[in-house]
Amino acid sequence: MIDKLEFFITLARHQHFGRAAEEAGVTQPTLSAAIKQLEEQLGVSLVQRGSRFQGLTPEGERVLDWARRIVGDARTMREEMRAARRGLSGHLRISAIPTALAMVARLTTPFRERHPHVTFSILSRTSVEVLADLDHLEADAGLTYVDNEPLGRVSTLPLYSERYQLITAFNTMFADRDSVSWAEVATLPLCLMTPEMQNRRIINKHLTEAGVEPSATMESNSTIALLSHVLTGKWASVMPFDLALLGLSSTLRAIPITEPDVSHRIGLVVPKREPHTPLVAALLQEARLLAAELPII
């Protein structure tokens, strides 16, 4: 039953029998047969069938919710038994919004010093994708905004406050200033995150509140692309201070943006499930230690 539910979750994610079978490491007929057997066991149709995948039935949507819970609990049980035999080990998958990526190492580095048999995957995601990854069992934890948009069925642990800086090259407008206003920022040729990023929606909101029309002359979902454009001396950007530090050089300045001085909370989010897997429980403990070191305003 667990294997069949895993196949069903994979099919629901890909919405394509061939791609789901490829990820599951089985043939397409094997996956199709497993879904059919699951339907027979439950006594309902789960998939709207035609010449290709056409979606889940209403019963399929209900079963998908149960499948995620059951499979999540089964994974927790397996992790607990593995930890009981060999100590904490395994693989942690963390989805993080781009502006929080600079902070991930402050979690993973001390975590691995305490638990050297744990490995990590860190993925850059939008805030919506972070929550979807948790819901679809594709991530164990996420780093995202916890005070700006609805989060749904997750447990949250605030870590720090994101504060904003104008990132610009030396010998450019405002480069000699100790602070700038949001209205002044809007006068510059800006390269910003793409509109689907919550960071961009936050910046647009503060620019609008300052009485100016938000606009960007270049957009990217990559902070590296933004910084490389700022380095040319022809662009400026708005970034959190911790992220800006990674790209600062002798040719760039980070200038606090005031009038108003605003901040937004970033936190660790994990599935709302008790008990947590041993890996997630250990990550939460590491996050509590980090939160005690970081100011939350």
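No hydrogens, no waters, no symmetry mates; every other heavy atom, side chains included, goes into these values.
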- Parallel, tilted or perpendicular: which describes the rings of His264 and Tyr145, with under 30° parallel and over 60° perpendicular?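 Correct class here is perpendicular.
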If hydrophobic clusters are built by linking Ile, Leu, Val, Met, Phe, Trp and Tyr wherever their side-chain heavy atoms come under 4.5 Å apart, do [X] and [Y] end up in the same one?
X      : Y      : answer
Phe111 : Leu290 : yes
Leu279 : Val104 : yes
Ile9   : Ile2   : yes

Could you list the donor-acceptor pairs under 3.5 angstrom formed by side chains in residues 169-176, with sequence neighbours left out?
| unit_1 | atom_1 | unit_2 | atom_2 | d |
| --- | --- | --- | --- | --- |
| Thr172 | OG1 | Thr168 | OG1 | 2.7 |
| Thr172 | OG1 | Ala169 | O | 2.5 |

- Query: Among Leu101, Ile97, Val130, whose side-chain contact (heavy atoms from CB on, under 4.5 Å) with Ser124 holds?
  - Reply: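 Among Leu101, Ile97, Val130, the one meeting side-chain contact (heavy atoms from CB on, under 4.5 Å) with Ser124 is Leu101.
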- side-chain contact (heavy atoms from CB on, under 4.5 Å) with Ile94: which of Asp140, Leu283, Leu123?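 One option only clears the test, and that one is Leu283.
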Any donor-acceptor pair under 3.5 Å from [X] side chain to [Y] backbone:
X      : Y      : result
Ser95  : Gly142 : no
Arg200 : Met193 : yes
His14  : His16  : no
Ser161 : Ser263 : no
Glu39  : Leu46  : yes
Arg112 : Val118 : yes
Glu219 : Leu192 : no
Arg201 : Glu196 : yes
Arg93  : Leu137 : yes
Asn204 : Pro214 : no

Any side-chain heavy-atom pair of [X] and [Y] under 4.5 Å:
X      : Y      : result
Thr144 : Ile266 : no
Glu184 : Arg177 : yes
Trp66  : Leu5   : no
Val230 : Cys191 : yes
Lys234 : Met218 : no
Leu294 : Arg106 : yes
Arg163 : Asp261 : yes
Val185 : Ile203 : no

- Residues in ring-ring contact (aromatic ring centres under 6.0 Å, His included) contact with Phe17, at least two apart in sequence or another chain: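 ring-ring contact (aromatic ring centres under 6.0 Å, His included) check on Phe17 returns nothing, list empty.
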- Message: Checking side-chain polar atoms at under 3.5 Å, does Ser215 have a donor or acceptor matched by the opposite partner on Glu213?
- Response: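 There is no such pair between these side chains.
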